[in-house]
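Worksheet: the structure to be examined is printed underneath.
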Amino acid sequence: MSESTLAEIYGWTLERHILEQQRTVEGATGEFTKLFQQLALAGKIIASRVNQAGLVDVLGVTGETNVQGEQVQKLDEFANQALIRVLEAGGQVCLMASEEVEDPIPIPTKFPRGKYVLMFDPLDGSSNIDVNISIGTIFSVHQRVTDSDAEPALSDCLQPGYKQVAAGYIIYGSSTMFVYTTGQSVHGFTLDPTVGEFFLSHPNIQMPKRGKIYSVNEGNAAKWSDDVRAWVDDFKISDEDRGRPYSGRYIGTLVADFHRTLLKGGIFGYPADNKNPNGKLRLLYEGAPMAMIAKAAGGDASTGTQKILDITPTELHQRVPLYIGSADDVAEVERVLG
Ligand code: P6P
């Protein structure tokens with residue numbers, strides 16, 4: 001009997017997949033593989049707690065508010081600490097940034113520093129925790145730009161999205177999935193909790209060139225510009241030649257709305273409005289990583305007038321209007337808003 005490899009018996013684990021990818025990268029040092037092992041571990045830790053949320057006293061709020069002025073749900077803080085504690089000790093990063101923390105997070109001097117900068121939203125969609133709707137972790141990886149013997153600085157975080165070396169998310173839903181890209185392709189791994197491993201379930205995800213779903217919070221319509229309202233209303237007309245009407249779907253968790261868009265196509269939008277001139281979503285750890293994933297899957301991401309990946313950030317928590325999804329759908333909104 002031919003000797004089956006682990007991959008044939010059980011499929012590709014995330015670790016095995018990264019190692020295989022690593023082998024194709026000239027001069028790869030294995031640091032990247034270790035970084036992803038740590039991200040996967042943090043994801044498993046968070047998933048275990050999220051899945052108990054209904055049973056253990058982790059529901060509800062801590063009574064504190066984060067830098068966004070939002071109530072911090074207990075799971076938010078748990079996820080934030082899980083990522084910080086695992087990654088700071090891992091030796092692959094020199095600086096981190098989190099939606100939950102005002103300033104960049106230095107690595108304690110007792111730990112070795114690596115060449116990567118990690119920025120994340122530890123638990124996106126936390127307002128949905130208590131109603132058992134999918135939530136997620138979003139991460140963005142850059143290489144530091146400061147000298148390796150210098151102190152890491154804010155400039156290591158404030159890099160344009162096209163310079164990301166990797167981006168991904170972990171979605172805690174009906175199953176826990178780890179989705180990532182290093183720029184060329186997008187791969188999805190599903191956690192088998194009985195084994196404690198992420199296995200390749202969605203190799204080389206390609207986003208349809210055009211979709212049939214639009215995803216936007218129409219409760220904000222009164223605050224939008226006339227152009228944005230016209231863009232949304234256009235999805236509801238009956239015009240078979242233009243594939244209208246689209247279906248409306250809105251979960252209220254970026255990771256979940258984006259994951260559906262990635263797999264099924266269409267467009268997600270969080271427009272600017274007269275109360276939030278730059279929209280609500282954050283560039284560094286929401287818009288830019290999702291834009292890298294969309295691009296690698298054949299989709300696109302824009303503010304309506306500028307590609308998300310081309311924006312050079314000026315602030316750690318800066319917001320950005322976000323239209324992301326199928327290439328043709330994003331091109332259409334750029335024509336309307338451009
Ligand atoms: P709204 C969740 O709070 C979040 O940051 C994103 O995950 C989500 O896409 C958006 O806000 C939802 O915002 O205003 O529609 O509730």
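Whatever order the structure lists ligands and atoms in, that order sets their numbers, starting from 1.
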Residue, atom name and distance, where the atom is the protein heavy atom closest to atom 14 (O) of ligand 1 | Y270 OH, 2.6 Å
For ligand 1, which atoms, with element, lie under 4.0 Å from some heavy atom of T253?
-> 7 (O), 9 (O)
Contact atoms of ligand 1, heavy-atom distance to L254 under 4.0 Å = 6 (C), 7 (O), 8 (C), 9 (O)
In terms of atom number and element, which parts of ligand 1 are under 4.0 angstrom from non-hydrogen atoms of Y250?
-> 1 (P), 12 (C), 13 (O), 15 (O)
Can you pull out the closest protein heavy atom to atom 11 (O) of ligand 1? Residue, atom name and distance to 0.1 Å, please.
-> K280 NZ, 3.0 Å
Determine whether L41 and Q38 make a side-chain contact, defined as any pair of heavy atoms from C-beta on separated by less than 4.5 Å.
-> no
Which of parallel (below 30°), tilted (30 to 60°) and perpendicular (above 60°) describes Y214 and F235?
-> parallel
Given K44 and I170, is the side-chain contact (heavy atoms from CB on, under 4.5 Å) satisfied, shown in steps?
-> CA-CA 9 Å; K44 291 180 222 176; I170 303 161; over 6 Å; no
Structural part of N217 in contact with ligand 1, heavy atom criterion under 4.0 angstrom | side chain
At what distance is the nearest protein heavy atom to atom 7 (O) of ligand 1, and which residue and atom is it?
-> D124 OD1, 2.6 Å
Parallel, tilted or perpendicular, as decided by the 30° and 60° cut-offs, for the rings of F268 and Y270 | tilted
With no hydrogens and no angle check, is any side-chain donor or acceptor of Y172 less than 3.5 Å from a backbone partner on S134?
-> no
Hey, can you tell me if F178 and F36 have their rings parallel, tilted or perpendicular (30° and 60° cut-offs)?
-> tilted
